[in-house]
Novice: 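So that we are looking at the same thing, I have put the structure below in structure tokens.
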Amino acid sequence: MPELPEVETVCNAIRKSIKTNKIKEFVIINPKLRWNIDANIKKLLSKVDIRKIYRRGKYIIFNFNHGSLIIHLGMTGIVKFLKNRHKVNKHDHYEIKFQDNTILRYNDVRKFGSIHWAENIEDNFLIKNLGVEPLSDNFNYEYIKKISKKRNVVIKNIIMDQRIVVGIGNIYASEALYMSKIKPNKNCKLLSTDNFKSLVKSIKKVLQKSIKAGGTSIKDFQSIDGSPGYFKQKLLIYGLEKCACGKNIKNIRISGRSSFYCSNCQK
DNA sequence: CGAACGACCTGCAGGC
DNA sequence: TGCCTGCAGGTCGTTC
């Protein structure tokens, strides 16, 4: 479900909704997620203060004096804020209760999401191999060009590889490649320097614009108050039938994922 | 080492 | 109406 703009939206909304940094307790409702929820988290999150909440790639990180909580939304993970009285819904998995009795509740239909505790976040197996942040200066054409020259995969797989650059998923990969007029199934070795420059620019642009619109809601995605993201109306290629040029948009499968492109506009 | 692919899960739409 | 297939914002672990 969520790519960088959606995770950023949720992360910002959590920060805004939290009125106290004091956690009372952590409650496991259904431990079964991508990895079973570690029961120790309950002890670790009893009466502790949050120091910082931030995003790294597609992960939401709660930082404490004694470690960090690492949350991934998978495909269908949803975070909600509740008041005292609440019934457990289908697919609820855990909740964080705050001192003022507000509750952050995690719901995940497909159970691809996860939650981990890490004493040292940089050592965590999910975090330590992550690539550069796409909106940082570390993500530039020289970086992506250098990597691409020694790899033998299609360019879409390069930009979706979280060890290279984080946060880009299936939607924004198609969008960015369309914006820079590059076919998603083009071998990454064959891109020109101008291609790389354009691609980096497009990625930054589409992510920034989507963050401003509150992310993209195709089906499941919603922010914590249940509101959708409005970037869907701005998609240029993903899930569409016709390109602006009038040609039918092609939908091919690359590594098992739907990939949209226009054979007229993208070379 | 890099690349390809299956596996994990539920719900929904479409075809017969 | 019901059954079956395929598809969905992800990515780790295994195999070649």
Side-chain angles (χ1 to χ4, degrees), chain A residues 1-11 30-37 55-60 70-79 89-93 106-116 124-131 134 146-178 184-185 187-189 203 206-207 209-211 213-224 227-240 251-260:
Chain A
M1 172 238 285
E3 305 179 40
L4 186 149
E6 293 74 40
V7 178
E8 180 81 15
T9 298
V10 170
C11 196
N30 173 5
K32 199 170 163 26
L33 282 172
R34 169 108 202 237
W35 292 274
N36 272 10
I37 302 174
R55 178 193 60 71
R56 172 79 174 103
K58 298 177 190 172
Y59 295 93
I60 298 167
I70 304 164
I71 291 173
H72 196 281
L73 305 177
M75 290 276 251
T76 49
I78 286 169
V79 168
N89 289 308
K90 202 174 181 185
H91 306 306
D92 281 346
H93 287 273
Y106 180 82
N107 181 285
D108 191 343
V109 171
R110 291 180 68 186
K111 302 178 169 59
F112 288 169
S114 64
I115 181 164
H116 282 89
N124 177 268
F125 76 110
L126 295 169
I127 303 295
K128 67 179 177 192
N129 293 320
L130 291 179
K146 192 176 165 195
I147 290 173
S148 297
K149 289 299 170 196
K150 30 181 201 196
R151 299 286 295 270
N152 190 32
V153 286
V154 300
I155 187 61
K156 179 163 181 263
N157 285 354
I158 291 282
I159 62 174
M160 285 179 69
D161 188 335
Q162 305 299 304
R163 291 164 306 181
I164 299 172
V165 55
V166 296
I168 302 159
N170 207 34
I171 293 181
Y172 300 109
S174 278
E175 290 297 310
L177 287 162
Y178 173 75
N185 57 351
N187 189 300
C188 63
K189 277 193 167 87
I203 287 169
V206 72
L207 295 178
K209 284 198 166 180
S210 183
I211 290 170
T216 301
S217 295
I218 301 283
K219 241 182 89 154
D220 301 302
F221 175 70
Q222 47 180 260
S223 190
I224 63 176
S227 63
Y230 295 103
F231 196 72
K232 187 181 177 206
Q233 289 97 302
K234 306 223 166 113
L235 294 177
L236 302 172
I237 195 96
Y238 185 91
L240 302 182
N251 179 0
I252 59 171
R253 292 193 84 72
I254 297 175
S255 299
R257 318 288 306 274
S258 273
S259 311
F260 296 85

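Reminder, nothing fancy here: chain letters follow the sequence lines and each chain counts from 1.
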Novice: For A/R253, answer base if it contacts any base atom (sugar-phosphate contacts may also be present), sugar-phosphate if it contacts only those atoms, and nothing otherwise; contact means non-hydrogen atoms under 4.0 Å.
Specialist: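 Contact class for A/R253: sugar-phosphate only.
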
Novice: Figure out the CD1/C1' separation between A/I164 and C/dT11, and round it to whole Å.
Specialist: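 It is 14 Å, rounded to the nearest whole Å.
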
Novice: Among B/dA3, C/dA8, C/dT11, find the nucleotide with the atom closest to the side chain of A/N152.
Specialist: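 Selected nucleotide: B/dA3.
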
Novice: Tell whether A/R257 reaches the base of C/dA8 with its side chain through a donor-acceptor pair below 3.5 angstrom.
Specialist: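 No such pair is found, so the answer is no.
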
Novice: Quick check on DNA chain B: between A/H91 and A/V153, whose nearest nucleotide comes earlier from the 5' end?
Specialist: A/V153

Novice: Just how far, in rounded Å, is C1' of C/dG10 from CD1 of A/I159?
Specialist: 15 Å

Novice: Does a side-chain heavy-atom distance below 4.5 Å link A/K156 with A/N185?
Specialist: no

Novice: CG of A/N36 versus P of C/dC12: gap in Å, rounded?
Specialist: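 Distance check: A/N36 CG to C/dC12 P gives 17 Å.
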
Novice: Please classify the nucleic acid contact of A/K219 as base, sugar-phosphate, or nothing, using heavy-atom distances under 4.0 Å.
Specialist: base

Novice: Please measure how far the P atom in C/dT11 lies from the corresponding atom in B/dC12, and state the result in whole Å.
Specialist: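 It comes out at 24 Å once rounded to the nearest Å.
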
Novice: Round to the nearest Å and state the distance from A/L130 atom CG to C/dG10 atom P.
Specialist: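 The distance from CG of A/L130 to P of C/dG10 comes to 14 Å, rounded to the nearest Å.
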
Novice: Are A/E6 and A/F231 side-chain neighbours, meaning at least one heavy-atom pair lies under 4.5 Å?
Specialist: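 A/E6 does not reach A/F231 side chain to side chain.
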
Novice: Provide the distance between the two C1' atoms, one in C/dC12 and one in B/dG11, to the nearest whole Å.
Specialist: 23 Å

Novice: Heavy atoms only, 4.0 Å cut-off, all strands: where does A/S255 land among base, sugar-phosphate and nothing?
Specialist: nothing

Novice: Classify A/Y59 by what it touches in the nucleic acid, base, sugar-phosphate, or nothing, heavy-atom distance under 4.0 Å.
Specialist: sugar-phosphate

Novice: Check whether the side chains of A/N187 and A/N152 place a donor and an acceptor atom closer than 3.5 Å, and report yes or no.
Specialist: yes

Novice: Can you work out whether A/F112 or A/F125 has the more 5'-proximal nearest nucleotide on DNA chain C?
Specialist: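 Final value for this comparison: A/F112.
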
Novice: A/V109 side chain: which of C/dT11, B/dC9, B/dT10 is closest?
Specialist: B/dT10

Novice: If we only count heavy atoms from C-beta on, is the A/H116 to A/L126 side-chain gap below 4.5 Å?
Specialist: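 Touching, per the 4.5 Å side-chain cut-off.
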
Novice: Rounded to whole Å, please give me the gap between CD1 in A/I254 and C1' in C/dT11.
Specialist: 17 Å

Novice: From CG of A/D161 over to C1' of C/dC12, roughly how many Å is that when rounded to an integer?
Specialist: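 Whole-Å distance recorded here is 12 Å.
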
Novice: Quick one, A/L207 and A/I203 - any side-chain contact, counting heavy atoms below 4.5 Å?
Specialist: yes

Novice: NA contact type, A/N157, heavy-atom cut-off 4.0 Å: base, sugar-phosphate, or nothing?
Specialist: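 The answer is nothing, as A/N157 stays clear of every strand by at least 4.0 Å.
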
Novice: Strictly by Watson-Crick or wobble contacts shorter than 3.5 Å, is anything paired with B/dC9, and which nucleotide is it?
Specialist: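 No nucleotide pairs with B/dC9.
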
Novice: Going by atom types alone, do A/Y59 and A/Q162 pair a side-chain donor with an acceptor below 3.5 Å?
Specialist: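 Distance-only check fails for A/Y59 and A/Q162.
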
Novice: With respect to the phosphate group of C/dG10, does any side-chain polar atom (N or O) of A/H72 fall under 4.0 Å of OP1 or OP2?
Specialist: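 No, outside the criterion.
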
Novice: Expressed as a whole number of angstroms, how long is the span from A/L33:CG to C/dT11:C1'?
Specialist: 14 Å

Novice: Roughly, in whole Å, what's the span from CG in A/N129 to C1' in C/dT11?
Specialist: 13 Å

Novice: Of A/R34 and A/K150, whose closest DNA chain B nucleotide lies nearer the 5' terminus?
Specialist: A/K150

Novice: Under 4.0 angstrom, heavy atoms only, what part of the nucleic acid is A/R151 near: base, sugar-phosphate, or nothing?
Specialist: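 Touches sugar-phosphate only.
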
